[in-house]
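Let me begin by presenting the structure, written as structure tokens, before commenting on it.
Keep in mind it's a predicted model, so treat the numbers as computed, not measured. The analysis underlying the following values was restricted to heavy atoms, covering all of them including side chains, and did not include hydrogens, waters or symmetry mates.
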Amino acid sequence: MHTVAVLALDQVIPFDLSTPIEVFARTRLPDGRPGYQVRVCGEGPEVDAGAFTLRARWGLEGLVGADTVIVPGTALPEAPLAPAVRAALLDAAAAGTRLASICTGAFPLAATGLLDGLRATTHWLAAGALAAAHPQVEVDPDVLYVDNGQILTSAGAAAGLDLCLHMIRADYGSAVAADAARLSVVPLEREGGQAQFIVHDHTPAPQGAQMDPLLDWLRGNLASALTLADIADRAGVSTRTLIRRFREQTGVTPLQWLHRARVRQAQHLLETTRHPVERIGAQVGFGSATAFRDRFKRTTGVSPHAYRRSFG
């Protein structure tokens with residue numbers, strides 16, 4: 001039987017903690033036998049879980065001999081990692097144990113150095129902090145989970161469930177994983193990634209940036225067939241200068257920014273109106289429905305129709 005150790009650190013997020021416990025504990029093999037033994041391992045005798053205090057049956061010794069160790073997210077992800085926890089995670093990795101994180105559980109893993117040089121993810125709200133604190137980690141804020149083989153990371157909340165189902169499928173095959181998904185009343189695979197859930201009041205730009213008047217004008221003219229030359233004329237600079245300044249202040253080119261702003265507006269319209277997809281594409285400035293669908297899926301990971309089914 002496969003043993004899963006769920007590590008409860010101080011300030012553990014209860015949702016992230018309970019997800020692997022429930023999913024793995026309820027997994028059954030075709031002959032009815034349980035697929036997993038689950039150990040909840042506390043950082044100390046008692047763990048502060050916010051709304052309650054947790055007394056785990058296992059301490060850090062429960063990680064020894066486990067086939068998988070899962071690190072749920074914590075409410076204080078950038079808190080210093082206790083030396084004993086660091087040592088336990090490193091020992092588990094050295095023993096070949098599979099390590100996985102849910103949400104901000106990526107921070108403790110990164111603090112051990114185990115994510116250095118690897119692609120990883122976390123909740124999109126915490127992705128910038130993870131990248132800043134651990135520059136050797138390639139942080140991807142747009143995906144639901146990342147599988148590097150021995151080490152896996154997932155995004156926030158429900159993405160932990162996606163990761164657990166992914167690991168069950170790797171361990172026992174699609175039939176067992178599909179049964180586990182049915183018990184959890186979720187699809188075995190979801191469309192898209194975190195990008196569809198990221199919400200900005202405006203397309204990101206530094207506050208007080210010199211480009212703000214131009215960005216406001218662009219937001220007001222998303223439906224227009226704007227070219228790079230049109231935007232440069234409005235800014236009163238050459239196209240070359242425009243591109244340089246845009247990259248300096250927004251991190252993307254003018255047309256990339258424009259495409260993203262159009263997709264954000266399309267998301268709002270898909271959520272709040274019953275307009276056909278083709279009409280929405282035209283309303284936000286795409287020349288054809290095909291171009292709109294292609295750009296929308298590249299930006300959010302799902303089609304406009306799939307997005308509307310989820311959020312409309």
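- Residues V302 and F296 come closest through the heavy atom pair O-CD2, 3.3 Å.
- Judged by distance alone, with hydrogens and angles left aside, the side-chain atoms of Y307 form no donor-acceptor pair with the main-chain N or O of L270 at under 3.5 Å.
- The local environment of CZ in R244 is crowded, with over 12 non-hydrogen atoms from other residues, nucleotides or ligands closer than 6.0 Å.
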In sequence, state the C-alpha distance, the side-chain angles, and the governing distance for T68 and H2, and then conclude on side-chain hydrogen bond (donor to acceptor under 3.5 Å, both in side chains). CA-CA 8 Å; T68 297; H2 192 113; 2.8 Å; yes
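- The line from CZ of R234 to CG of L242 is 13.0 Å long, rounded to the nearest 0.5 Å.
- With hydrogens and angles disregarded, a donor-acceptor distance shorter than 3.5 Å links the side chain of R86 to the backbone of A111.
- Residues L114 and I102 do not share a hydrophobic cluster, clusters being chains of Ile/Leu/Val/Met/Phe/Trp/Tyr side chains in contact below 4.5 Å.
- Between D294 and R298 a salt bridge is recorded (basic side-chain N to carboxylate O distance below 4.0 Å).
- Note on W58: it does not cluster hydrophobically with V38, by side-chain heavy-atom contacts below 4.5 Å among ILVMFWY residues.
- One finds the CZ atom of R308 at 8.5 Å from the OG1 atom of T272 (value rounded to the nearest 0.5 Å).
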side-chain hydrogen bond (donor to acceptor under 3.5 Å, both in side chains) for Q11 and T74? Distances and angles first, verdict last. CA-CA 5 Å; Q11 292 293 313; T74 72; over 6 Å; no
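- In the hydrophobic cluster analysis, where Ile, Leu, Val, Met, Phe, Trp and Tyr join through side-chain heavy atoms closer than 4.5 angstrom, L17 is grouped apart from L81.
- Taken to the nearest 0.5 Å, the CZ atom of F24 stands 4.0 Å off from the CE atom of M167.
- R33 places no side-chain N or O within donor-acceptor distance of the main-chain N or O of P30, the cut-off being under 3.5 Å.
- When every heavy atom of G73 is checked against every heavy atom of T104, the shortest pair comes out as CA-OG1, 3.2 Å.
- Heavy-atom minimum distance, T121 versus A106: O-CB, 3.7 Å.
- Linking ILVMFWY residues whenever their side-chain heavy atoms come closer than 4.5 Å, directly or via other members, places L161 and Y36 in the same cluster.
- Counting only distance, with no hydrogens or angles, the side chain of Q150 and the backbone of A93 share a donor-acceptor pair below 3.5 Å.
- Counting heavy atoms from C-beta on, the side chains of L9 and P108 come closer than 4.5 Å.
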Would R262 and F292 count as a side chain to side chain contact (heavy atoms under 4.5 Å, CB included) here? Give the steps. CA-CA 9 Å; R262 284 170 169 165; F292 169 53; over 6 Å; no
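- Side-chain atoms of T19 never come within 3.5 Å of backbone atoms of D16 as a donor-acceptor pair (strictly under, hydrogens ignored).
- By the ring-ring contact (aromatic ring centres under 6.0 Å, His included) test, H134 pairs with no residue at all, sequence neighbours left out.
- Using a 4.5 Å heavy-atom cutoff, the side chains of T27 and D171 are not in contact.
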Would you sort out whether V284 and L269 count as a side chain to side chain contact (heavy atoms under 4.5 Å, CB included), showing the intermediate values? CA-CA 9 Å; V284 298; L269 293 172; 3.9 Å; yes
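- Side-chain contact between D162 and S154 is absent, with no heavy atoms from C-beta onward closer than 4.5 Å.
- A donor-acceptor contact shorter than 3.5 Å links the side chain of E61 to the backbone of G59.
- Nearest heavy-atom pair across G42 and V47 is CA-CG2, 3.9 Å.
- Counting only heavy atoms from C-beta outward, the side chains of Q267 and R264 approach each other to under 4.5 Å.
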Begin with the C-alpha distance, continue with both residues' side-chain angles, and end with the deciding distance and a verdict on side chain to side chain contact (heavy atoms under 4.5 Å, CB included) for W217 and L226. CA-CA 11 Å; W217 178 79; L226 298 174; 3.8 Å; yes
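- The side-chain heavy atoms of L215 and R219, taken from C-beta on, include a pair separated by under 4.5 Å.
- The CG atom of L152 sits 10.5 Å away from the SG atom of C164 when rounded to the nearest 0.5 Å.
- Connection of L218 to V237 is established within a shared hydrophobic cluster, with ILVMFWY side chains joined at heavy-atom distances below 4.5 Å, either directly or through further cluster members.
- Counting only heavy atoms from C-beta outward, the side chains of R293 and F286 never approach each other to under 4.5 Å.
- The shortest side-chain heavy-atom distance between V4 and D67 does not fall under the 4.5 Å cut-off.
- Side-chain atoms of D10 come within 3.5 Å of backbone atoms of D48 as a donor-acceptor pair (strictly under, hydrogens ignored).
- A92 approaches V69 most closely through the heavy-atom pair CB-CG2, 4.4 Å.
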Test side chain to side chain contact (heavy atoms under 4.5 Å, CB included) on D91 and L63 and set out the steps. CA-CA 9 Å; D91 287 346; L63 275 60; over 6 Å; no
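- Across all their heavy atoms, R39 and G62 have their closest contact at NH1-O, 2.6 Å.
- The CG atom of D140 lies 11.5 Å from the OG1 atom of T122; values are rounded to the nearest 0.5 Å.
- Contact annotation: the side chain of L76 never approaches that of F107 to less than 4.5 Å [non-hydrogen atoms, C-beta and beyond].
- S184 places no side-chain N or O within donor-acceptor distance of the main-chain N or O of A181, the cut-off being under 3.5 Å.
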